[in-house]
Amino acid sequence: MSAIVDAIHNLGGGSKQEVGVEQPLRDNPSFVLRGIHDTYYEDRAIPAVGPHDVLIEISKTGICGSDVHYHEHACIGDFVLGEPMVLGHESSGIIVRVGASVKTHKLGDRVSLEPGVSCRTCPACKSGHYELCPDMQFAATPPFTGGTLGRYYSLPSDIAHLIPDSMTMEDGAMIEPLAVGVHSVSNLAGVKAGQIVAVFGAGPVGLLCMAVAKALGASQVIAIDINAGRLEFAGNYAASSTFLPPPLEPNEKRMDYSRRATGLLRAKLGLPERGTGAVDVVIEASGAEVCVQMGCFLVKEQGKYVQVGMGSPDVQIPLTSLATKQATFVGSFRYGSGDYPLAISLVASGKIDLKPLVTHRYEFTEAVEAFAATKDGKGRDGKGIIKAIINCPK
Ligand SMILES: [Zn+2]
Ligand SMILES: [Zn+2]
């Protein structure tokens with residue numbers, strides 16, 4: 001029985017139910033965080049399905065750095081865990097209930113979940129930037145207590161994005177972090193064919209930013225990371241060149257280091273400071289202060305710098321360098337209008353391959369192990385984890 005259910009959730013192509021026939025719902029086992037390293041399984045109430053909603057039976061859920069951060073610290077910045085919260089927000093699943101007014105979805109449809117429900121009426125929502133909605137209810141983000149590491153999740157139908165049969169349910173779960181890359185590289189940086197793009201940080205989001213830049217036709221995609229193994233992976237995946245920054249010298253100030261390391265990067269890759277052949281776009285996906293500084297030095301005149309990584313909250317930036325180049329420095333938060341559809345189309349058309357990034361898989365009952373392994377960056381096979389995926393409950 002479980003092998004059949006597994007096959008359905010792996011391959012998709014419709015659930016076990018006949019089209020148009022509702023099957024009875026089951027229990028809703030959920031993986032709940034109550035405090036630092038304090039998790040438990042609980043049978044939670046099945047979420048309500050309003051007239052414009054669909055109920056999704058979860059297939060696959062990727063573990064994200066933010067999930068691990070909540071597991072380790074019970075907070076991220078101002079988002080502090082209060083009530084026990086279900087973890088998980090990178091998921092795919094199958095539609096098992098359709099709200100009375102929904103015309104776009106049917107039972108058995110395979111979807112990628114966009115796990116943030118905005119208010120739809122505030123100035124940010126009305127301006128088209130719903131990612132900035134102050135009343136967003138986002139999975140696994142306090143004060144909201146829902147998350148996708150359970151059996152069922154309910155969403156308004158327009159953010160339960162249909163995926164084609166050519167995509168696996170793991171692909172569907174990976175669309176969430178890919179949408180972060182699409183938002184920063186396409187939507188905010190506006191990368192165009194022929195541009196030179198540098199990405200700081202070769203973790204999952206950095207790698208996906210590189211993949212988007214390549215897919216959009218960047219002529220060069222430069223990966224920068226202090227981990228040689230990650231850089232090697234990036235070079236085989238989507239980067240056309242890589243740079244391993246040197247160590248900090250004793251007593252060297254960070255800003256001096258960043259200036260020096262940027263010079264070395266330019267020399268190694270033959271990049272001019274300005275004009276043709278210089279770096280048009282910097283995507284900062286590490287959050288490290290020296291990477292922020294290097295990125296500001298590296299971006300060319302009138303270039304774009306996009307901050308995706310969340311790391312040190314207070315960093316010193318070389319303001320004169322940005323000002324005298326008239327460079328644009330822009331923040332990036334999650335994803336917004338059009339990002340999921342573009343992410344899905346880049347994968348469906350074969351321009352981005354997500355499969356190499358899924359390195360480890362765990363059962364639902366092994367969630368604690370999956371979190372510990374993702375934090376350590378190593379699976380039980382001793383190999384480095386890029387993305388670990390948790391299977392749906394049996
Ligand atoms: Zn995430
Ligand atoms: Zn809003």
Side-chain angles (χ1 to χ4, degrees), residues 31 33 52 58 60-73 75-77 79 81 85-93 112-144 146-149 153 155-156 158-159 161 170-185 201-209 211-212 283 285-287 307-311 332-337 339-340 343-344 354 357-360 362 367 370-371 373-375 377 385-390:
F31 185 62
L33 180 73
H52 300 285
I58 301 292
K60 304 284 175 185
T61 299
I63 304 183
C64 172
S66 74
D67 291 314
V68 172
H69 202 276
Y70 282 119
H71 191 248
E72 295 297 313
H73 306 281
C75 68
I76 295 182
F79 299 102
L81 184 73
M85 169 182 88
V86 181
L87 288 166
H89 61 269
E90 304 182 353
S91 293
S92 60
S112 173
L113 286 74
E114 182 175 347
V117 180
S118 56
C119 81
R120 296 166 191 248
T121 60
C122 74
C125 284
K126 298 297 272 185
S127 78
H129 288 281
Y130 62 80
E131 69 273 23
L132 303 177
C133 176
D135 296 318
M136 177 75 89
Q137 296 200 313
F138 199 88
T141 304
F144 191 58
T148 61
L149 273 170
Y153 203 80
L155 281 179
D158 62 298
I159 50 173
H161 300 272
E170 286 186 354
D171 289 337
M174 290 292 291
I175 292 298
E176 198 272 354
L178 178 58
V180 173
V182 165
H183 186 61
S184 56
V185 176
V205 168
L207 289 167
L208 290 165
C209 288
V212 175
I283 306 290
S286 79
Q307 185 64 43
V308 191
M310 302 245 213
S332 181
F333 189 56
R334 292 177 181 151
Y335 28 73
S337 183
D339 292 328
Y340 259 68
I344 291 168
L354 296 170
L357 303 186
V358 179
T359 52
H360 291 77
Y362 294 86
F371 272 77
T374 300
K375 185 194 161 246
I385 291 183
I386 295 172
K387 182 62 76 176
I389 298 260
I390 297 182

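For the numbers below, each heavy atom of this structure counts, side chains included, while hydrogens, waters and symmetry mates do not. Numbering of ligands and ligand atoms starts at 1, following listing order.
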So the angle subtended at the Zn ion (ligand 2) by Cys119 atom SG and Cys122 atom SG, rounded to 10 degrees, is 110°

Report yes or no: does Ser332 contribute a side-chain atom to a donor-acceptor pair with the main-chain N or O of Val308 at less than 3.5 Å?
no

Check: Cys75 main-chain N/O paired with His69 side-chain donor or acceptor under 3.5 Å: yes

Ser184 side chain vs Val180 backbone, donor-acceptor pair below 3.5 Å:
yes

What lies under 2.8 Å from the Zn ion (ligand 1), restricted to protein N/O/S atoms, is Cys64 SG, His89 NE2, Glu90 OE2

In this structure, OH of Tyr153 is separated from OG1 of Thr148 (nearest 0.5 Å) by 7.0 Å

Margin query: Ring centroids only, cut at 6.0 angstrom: are Tyr70 and Phe371 within range, meaning strictly under it?
Written below: no

| For the rings on Phe144 and Phe138, is their centre-to-centre separation under 6.0 Å? | no

